[in-house]
There are 2 protein chains.
Amino acid sequence: MLTQERKTYLLDLLNREGRIEAKTIASALGLSDDTIRRDLRELAAAGKLQRVHGGALPRSPADADLIKRHGIASQSKNEIGKTAAGLIKPNQVVIIDGGTTALQIINHLPKDQKNTIVTHSPTVAVALGPYESITVIMIGGILFRHSMVNVGAASLDAMSHIYADTYFMGITGVDIDAGLTTGDLEEAHVKKALSLRAADTIVLASMEKLNTASPYMVMPLVSASGIVLDSSTSKTFTNQMRRVGLDVYISSKEPKLENKNQ
Amino acid sequence: MLTQERKTYLLDLLNREGRIEAKTIASALGLSDDTIRRDLRELAAAGKLQRVHGGALPRSPADADLIKRHGIASQSKNEIGKTAAGLIKPNQVVIIDGGTTALQIINHLPKDQKNTIVTHSPTVAVALGPYESITVIMIGGILFRHSMVNVGAASLDAMSHIYADTYFMGITGVDIDAGLTTGDLEEAHVKKALSLRAADTIVLASMEKLNTASPYMVMPLVSASGIVLDSSTSKTFTNQMRRVGLDVYISSKEPKLENKNQ
DNA sequence: CTTGTAATTGCACGTTTATGCACGTATTGT
DNA sequence: ACAATACGTGCATAAACGTGCAATTACAAG
């Protein structure tokens, strides 16, 4: 068995079993413990797994989970959320999309401003729990885990009763040619439908979404009314956006804070 | 079992059960008490849990990730959640109510059991996020903050498409005369409606709900099929329940663990 | 084909970590 | 106040660890 082959096997095994015991694998493969330990050490150094006494475990699922869930939001997303929140006037009815970028809006909402917020994301609804001055309307449906939003026929049906001032749309790809795109077909339909249920649709486009396209088209850029962009977005891109008729909102720059740990 | 693996297991267990008894776990894992105590000591030092005499408890209400808002679930609620989760068979479609008691069910669900769970609580939906083998259907509506559930006409409309095997109903008052009651009229209507959308309705009645009545009637006791009760419920009360035709499920008793701090 | 080099593997060695037991102390419930 | 239980500490043993080294293999250059 080749060395690299064995390493792949170890990772695969780790994925399947959730754990690796060095000694067991060594005898199973007819190799010395040292060899397996060496492999594990190298894989750990490459960040592919978490080395522990006696074997190995998946690379800190707990940590990865926390970052995913509580969302160490990128500076970019945070800035955009702040700018978008500033666009919401008292007593307006707004639709807030799922996804980490849209979630940032909530952190920047004034605690005492009266609004009605419509969302198809349970995460957003839970985050809005403490905001007592906000009426929350949830669109139900089948939960699509990847972005934690409700989709499907039930969603479309439920939103048909709503007409909002603004829809803040999260997106995974914004490109001048490909338009607004996302990674799930059902989600694309729901986003499109939501945009039809609001007077204005404002796209939230954090840095990493620009000039990229995902498999499923939500709608062309011209169907949106505005777009919120990171302060460091290139002039070229902002001009492209303006040329197709979008209002461009540039998020205000904030001093960078870095986290040395991890 | 690897040491680190065991520590993760302990934390996971703590999340699910809300408590850890050192001696019990030690014998369950076939290790000496010392080893488990050492683990708990180290996890406590790392701030992952709260060490107490006899075992461990979640570090603080703030940290226990599911239990966040409403504080640590009482032992009673946890027991009841465990028992209720045991009543859910693979591939069943069940409706899970909002509220802290019903939320406990989720902690006790097997990670790999296939089910469809219908809920009108965004909190429940978010908690179910990691359970990939479970299809989650959300009932939308207007968010009623006190118990974090969606209510209103939209809810009733959405649930009309569903017929489930079992509805686990949380409640704020259970009384032989007053029946099943709750503190909000709209919520009462929704609970009643949900109960009509399931073959069986099983009531979750933690200790403090017994022999009390809230202002709004959900339905009479006889309309339910069963009730899950705390292990320390009086014989008198369980007999009352049986007499009106309910299946009574008694949660298993666990020894007490107290936390001195706070 | 031969030789040299790098990679791989197993072993020996001393070090670190994990575990269980013993013992004295602290906490709890009666 | 007393008995039972849980606790922490120190210690001994065994397992796992990393490092250095030598033997082997793979492979490319000559």
Side-chain angles (χ1 to χ4, degrees), chain A residues 1-14 17-63, chain B residues 1-14 17-60 72 74-76 78-79 207 230-232 252-262:
Chain A
M1 187 180 234
L2 303 161
T3 309
Q4 294 311 315
E5 194 183 350
R6 189 179 56 235
K7 287 190 184 176
T8 316
Y9 169 76
L10 287 172
L11 287 175
D12 186 53
L13 191 71
L14 185 59
E17 311 267 327
R19 62 190 297 269
I20 283 181
E21 204 184 336
K23 196 157 194 171
T24 310
I25 302 304
S27 68
L29 298 183
L31 294 165
S32 78
D33 305 0
D34 297 74
T35 304
I36 301 300
R37 276 208 300 269
R38 234 182 300 247
D39 289 347
L40 294 181
R41 224 179 301 159
E42 285 161 21
L43 288 169
K48 304 289 184 58
L49 50 74
Q50 174 66 49
R51 188 76 170 82
V52 299
H53 200 90
L57 292 173
R59 201 174 69 89
S60 75
D63 286 354
Chain B
M1 187 179 230
L2 305 168
T3 308
Q4 295 309 317
E5 192 184 8
R6 189 181 56 234
K7 288 190 185 176
T8 321
Y9 168 76
L10 288 172
L11 287 175
D12 185 55
L13 192 71
L14 185 59
E17 310 269 327
R19 64 193 299 277
I20 283 180
E21 201 189 343
K23 196 157 193 172
T24 309
I25 303 303
S27 67
L29 298 182
L31 294 165
S32 80
D33 306 0
D34 297 76
T35 304
I36 301 300
R37 276 207 299 270
R38 232 182 301 246
D39 287 347
L40 294 181
R41 227 179 298 158
E42 284 162 22
L43 287 169
K48 303 289 184 59
L49 50 74
Q50 174 66 48
R51 188 77 170 81
V52 298
H53 200 90
L57 293 172
R59 191 173 69 90
S60 77
I72 291 187
S74 70
Q75 182 63 22
S76 173
N78 186 35
E79 281 184 21
M207 282 289 281
D230 186 88
S231 54
S232 51
S252 57
K253 176 136 198 147
E254 309 208 15
K256 195 171 66 176
L257 272 186
E258 273 185 35
N259 184 356
K260 287 183 181 177
N261 314 327
Q262 191 219 26

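By convention in this document, chain letters (A, B, ...) are assigned in the order of the sequence lines, proteins followed by strands, and residues within each chain are numbered from 1. Computed from a predicted model, the values in this text were never measured in an experiment. As a basis for the values below, the full set of heavy atoms in this structure was taken, side chains included, without hydrogen atoms, waters or symmetry mates.
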| Phosphate OP1/OP2 of C:dT19: any B:Thr35 side-chain N/O under 4.0 Å | no
| field | Validation row: B:Ile25, B:Leu13 side chains within 4.5 angstrom (heavy atoms) | value | yes
| note | Among C:dT8, C:dG10, C:dT27, the one nearest any side-chain atom of B:His53 is C:dT27
| Any side-chain heavy-atom pair from A:Gln50 and A:Pro58 closer than 4.5 angstrom? | no
| Test item: A:His53 and B:Leu2 side chains (from C-beta on) under 4.5 Å apart, heavy atoms | no
| Pairs touching residues 3-13 of chain A that satisfy salt bridge (charged side-chain N to carboxylate O under 4.0 Å, His left out), sequence neighbours left out | A:Arg6-A:Asp39, A:Lys7-A:Glu42, A:Asp12-A:Arg16
| note | With the side chain defined as heavy atoms from C-beta on, A:Arg51 is closest, among C:dT19, D:dG18, C:dG10, to D:dG18
| said: In this structure, how many angstroms lie between the P atom of C:dA18 and the CZ atom of B:Arg41, rounded? | reply: 13 Å
| Phosphate-side-chain proximity, B:Lys23 and D:dA6, N/O vs OP1/OP2 below 4.0 Å | yes
| message | I want to check something: taking the side chain as every heavy atom from C-beta on, are B:Leu29 and B:Ile36 in contact at a cut-off of under 4.5 Å? | response | yes
| query | What is the distance, rounded to the nearest whole Å, between atom CG of A:Leu31 and atom P of D:dT24? | reply | 17 Å
| Over how many whole Å does the gap from A:Glu42 atom CD to C:dT9 atom C1' extend? | 12 Å
Set out, line by line, the N/O atom pairs under 3.5 Å between protein and nucleotides 21-25 of chain C.
| unit_1 | atom_1 | unit_2 | atom_2 | d |
| --- | --- | --- | --- | --- |
| C:dC21 | N4 | B:Asp34 | OD2 | 3.3 |

| field | d(CG, B:Leu29; C1', C:dT19) in whole Å | value | 14 Å
| Just how far, in rounded Å, is C1' of C:dT19 from NZ of B:Lys7? | 13 Å
| query | Rounded to the nearest Å, what distance is computed from the CZ atom of residue A:Arg6 to the P atom of nucleotide C:dT8? | reply | 9 Å
| field | Atom-to-atom span, CG of A:Asp39 to P of D:dG18 - whole angstrom | value | 12 Å
| task | Check whether any side-chain heavy atom of B:Thr3 lies under 4.5 Å from a side-chain heavy atom of A:Val52, and answer yes or no. | result | no
| Could you give the CG-to-C1' distance, from A:Asp33 to C:dC11, as a whole number of Å? | 12 Å
| query | Could you go step by step and tell me if B:Leu10 and B:Leu40 meet the side-chain contact (heavy atoms from CB on, under 4.5 Å) rule? | reply | CA-CA 8 Å; B:Leu10 288 172; B:Leu40 294 181; 4.2 Å; yes
| Under 4.0 Å: is that the gap between some side-chain N or O of A:Thr3 and OP1 or OP2 of C:dT9? | yes
